[in-house]
> 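Below is a structure I'd like to ask you about.
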Number of protein chains: 2
Amino acid sequence: MDDKIYDLADLFKVFSDSTRIRILYLLLGGEKNVSDISDELSMNQSAVSHQLKTLKQSDLVKVRRDGKAMFYSLSDSHVESILKIGMEHILEE
Amino acid sequence: MDDKIYDLADLFKVFSDSTRIRILYLLLGGEKNVSDISDELSMNQSAVSHQLKTLKQSDLVKVRRDGKAMFYSLSDSHVESILKIGMEHILEE
DNA sequence: TGAACATATGAACAGTTGAACATATGAGAA
DNA sequence: TTCTCATATGTTCAACTGTTCATATGTTCA
């Protein structure tokens, strides 16, 4: 059980950065490639790529290759649930 | 909306530390004072108090005074929901 | 094969964070 | 008031994190 505490903290650590949250929100609208994400967030490609790697390692996103491009999408519904409940907490007084 | 992204990241930042998660799990069992928490986590009082302050600022816990002791408890059901969904994600393959 | 494009990776640097220590505040008892 | 007990606060420091820059990998097309 104590292991799980660390895993859980690590999971939330992934949600604790605004860049990653913005990426996740973008992906709520469907899969996108790295250039699209970089453009929409006005961030350089390297920064986005690094963050996508973090998201991937936590199984929050999955990837498929299409030619030269890599398309990222949310890997399961937990992401949406977590964002939603978090937002509910924020919006309450 | 962009403000909310930062607020959301800040909220999850609070969940991103194993000490704070352990405190929250303890409080799932009902309100506890600072000494109880320090003892159960085998941590010094100052460290626990600092983390409780962080939890309080995010409205994740609330406090009441009883004599010399301060009793902390979870402030709403979002905490339990967030921990639960996070744990579901962890336990899945 | 080589050029061009898309993405990933490694290193370095600034900014942030949790724990520990020392000390301060506040409440109850004498 | 003074002495304890319970908790909070301020400071310091080592460890960690996100971004940037430079470069590498991998894919398509000619």
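Lettering of chains follows the sequences in order, A, B, ..., and the numbering in each one begins at 1.
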> For DNA chain D, whose closest nucleotide is more 5', that of Ala69(B) or that of Thr54(A)?
Ala69(B)
> On DNA chain D, which is the earliest and which the latest nucleotide, 5' to 3', with an atom closer than 4.0 Å to a heavy atom of chain A?
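Endpoints of the contacted stretch of DNA chain D: dT17(D) to dT28(D).
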> Please tabulate, one pair per line, each protein N/O and nucleotide N/O from nucleotides 20-27 of chain C that are separated by under 3.5 Å, including the distance.
from: dA20(C); atom 1: OP2; to: Asn44(B); atom 2: ND2; distance (Å): 2.9
from: dC21(C); atom 1: N4; to: Ser46(B); atom 2: OG; distance (Å): 2.4

> Show me the dot-bracket string of DNA chain D, counting Watson-Crick or G-U pairs under 3.5 Å, with | for pairs to another strand and [ ] for crossing ones.
||||||||||||||||||||||||||||||
> Between Ile21(B) and Phe12(A), is any pair of side-chain heavy atoms under 4.5 Å apart?
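Yes, at least one pair of side-chain atoms sits under 4.5 Å.
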> Testing Leu27(B), Ile23(B), Val79(B), Asp76(B) one by one against Val61(B) for a side-chain contact (heavy atoms from CB on, under 4.5 Å), which residue passes?
Leu27(B)
> Taking DNA chain D as the partner, which of residues 10-38 of chain B come within under 4.0 angstrom of it by heavy atom?
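Residues of residues 10-38 of chain B that come under 4.0 Å of DNA chain D are, in numerical order, Asn33(B), Val34(B), Ser35(B).
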> Using a 4.5 Å cut-off on heavy atoms from C-beta on, say whether the side chain of Leu8(A) contacts that of Phe15(B).
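Side chain of Phe15(B) against side chain of Leu8(A), heavy atoms only: no contact under 4.5 Å found.
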> With heavy atoms under 4.0 Å as the rule, sort Tyr72(A) into base, sugar-phosphate or nothing.
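Sugar-phosphate, no base atom in range.
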> What residue pairs, at least two apart or across chains, pass side chain to side chain donor-acceptor pair (under 3.5 Å) with a residue in residues 36-56 of chain B?
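Qualifying pairs: Arg20(B)-Gln51(B).
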> What residues, two or more places apart in sequence or in another chain, satisfy side-chain contact (heavy atoms from CB on, under 4.5 Å) together with Arg64(B)?
Glu31(B), Asp66(B), Phe71(B)
> State, with a plain yes or no, whether a side-chain heavy atom of Leu60(A) is found less than 4.5 Å away from one of His89(B).
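In short, these two side chains touch, coming nearer than 4.5 Å.
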